[in-house]
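Since the structure comes first, as structure tokens, the remarks are kept for the end.
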Amino acid sequence: MSAPGGRWKLGLFVVAGVAVLLFGLMWLGMARLQRPVHIAFAFFDEPLVGLEPGSPVKFRGVSIGVVDTIRLAVDKKHLQVRAALYDDRLADLGFDTAALGPECEFPADLRAQLVTSYLTQTSFVLVDFYRGDGADRELPFAPPKNTIRTVRSTFRSVE
């Protein structure tokens, strides 16, 4: 048997080990949440059913960011979606994140679209290059430079 005076040392060792482990896990989690991002805006003139802050922003199925906020635009007719796009994912797509700056201009043929799951009614923003007929709708206000133009979603209400 061990001496009664040595048990507090063992207890202190266990408590200190658990505290260090919890601190390490918390530090790793916080480092993952503090990724460098570029802010992008998209203006939709349709209902954003199922889209919430924290919803993913995807490029051809690969998550490149998250929806930060959703609010009414200046004209009170469009909905403004503010998205945080991760710099490392933008670099993987071929964007020079150092040259983008805080108010980056995205390519002219890059478009955002709302995609909704029919069963769960959850949505995400799909970003992709769009080769359309060029008949884009103009916004009735001056959007920020870091705006990604939008196309209508293909979701139709079943109700």
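All values below come from the heavy atoms of this structure, side chains included, with hydrogens, waters and symmetry mates left out. Computed from a predicted model, the values in this text were never measured in an experiment.
Under the side-chain contact (heavy atoms from CB on, under 4.5 Å) criterion, Leu79 pairs with Leu48, Leu72, sequence neighbours left out. Checked against side chain to side chain donor-acceptor pair (under 3.5 Å), Asp92 has no partners two or more places apart in sequence or in another chain. Looking at residues two or more places apart in sequence or on another chain, you find no side chain to side chain donor-acceptor pair (under 3.5 Å) involving Ser55. Residues passing the side chain to side chain donor-acceptor pair (under 3.5 Å) test with Asp45, sequence neighbours excluded: none. With sequence neighbours excluded, the residues forming a side-chain contact (heavy atoms from CB on, under 4.5 Å) with Leu12 are Trp8, listed by chain and number. For Val115, the side-chain contact (heavy atoms from CB on, under 4.5 Å) partners are Phe124, Leu126, not counting sequence neighbours. Contacts of Arg60 classified as salt bridge (Lys or Arg N to Asp or Glu O under 4.0 Å), with partners at least two apart in sequence or in another chain: Asp128. Partners of Thr122 according to the side chain to side chain donor-acceptor pair (under 3.5 Å) rule, which considers only residues two or more places apart in sequence or in another chain, are Thr120. For the salt bridge (Lys or Arg N to Asp or Glu O under 4.0 Å) test, residues two or more places apart in sequence or in another chain that qualify with Asp68 are Arg82. Applying the side-chain contact (heavy atoms from CB on, under 4.5 Å) rule to Pro140 yields the partners Asp75, His78; only residues at least two apart in sequence or on another chain are considered.
Through ILVMFWY side-chain contacts below 4.5 Å, Val20 is grouped with nothing and stands alone. Clustering of Ile, Leu, Val, Met, Phe, Trp and Tyr by side-chain heavy atoms under 4.5 Å joins Leu21 with Leu25.
Taken from CG in Leu90 to CZ in Phe106, the straight-line distance is 6.0 Å, to the nearest 0.5 Å. Of the inter-residue distances, the one linking Asp109 atom CG with Arg111 atom CZ reads 7.0 Å to the nearest 0.5 angstrom. Ile64 CD1 to Leu85 CG: the interatomic distance, rounded to the nearest 0.5 Å, is 5.0 Å.
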*Between Arg89 and Arg35, does a side chain to side chain contact (heavy atoms under 4.5 Å, CB included) hold up when you go through it step by step?*
CA-CA 11 Å; Arg89 300 290 173 90; Arg35 297 167 76 172; 3.9 Å; yes

*Step by step, would you call Thr150 with Phe43 a side chain to side chain contact (heavy atoms under 4.5 Å, CB included)?*
CA-CA 7 Å; Thr150 59; Phe43 295 92; 5.6 Å; no

*What do the steps show when you test Val57 against Val66 for side chain to side chain contact (heavy atoms under 4.5 Å, CB included), and what is the final call?*
CA-CA 5 Å; Val57 177; Val66 294; 5.7 Å; no

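Under the 4.5 Å side-chain criterion, counting only non-hydrogen atoms from C-beta, Tyr130 is not in contact with Leu110.
Taking both residues in full, the closest heavy atoms of Phe41 and Pro144 are given as CD1-CG, 3.8 Å, listed atom of the first, atom of the second, then distance. Of all non-hydrogen atoms in Pro47 and Leu114, the two that sit nearest each other are O-CD2, 3.7 Å.
For the residue pair Asn146 / His38, no side-chain donor-acceptor distance below 3.5 Å is found, with atom types taken as modelled. Using a 3.5 Å distance cut-off with no hydrogens or angles, the side chains of Glu46 and Ser153 do pair a donor with an acceptor.
When the side chains of ILVMFWY residues are joined at heavy-atom separations under 4.5 Å, either directly or via intervening members, Phe129 and Val125 end up in a single hydrophobic cluster.
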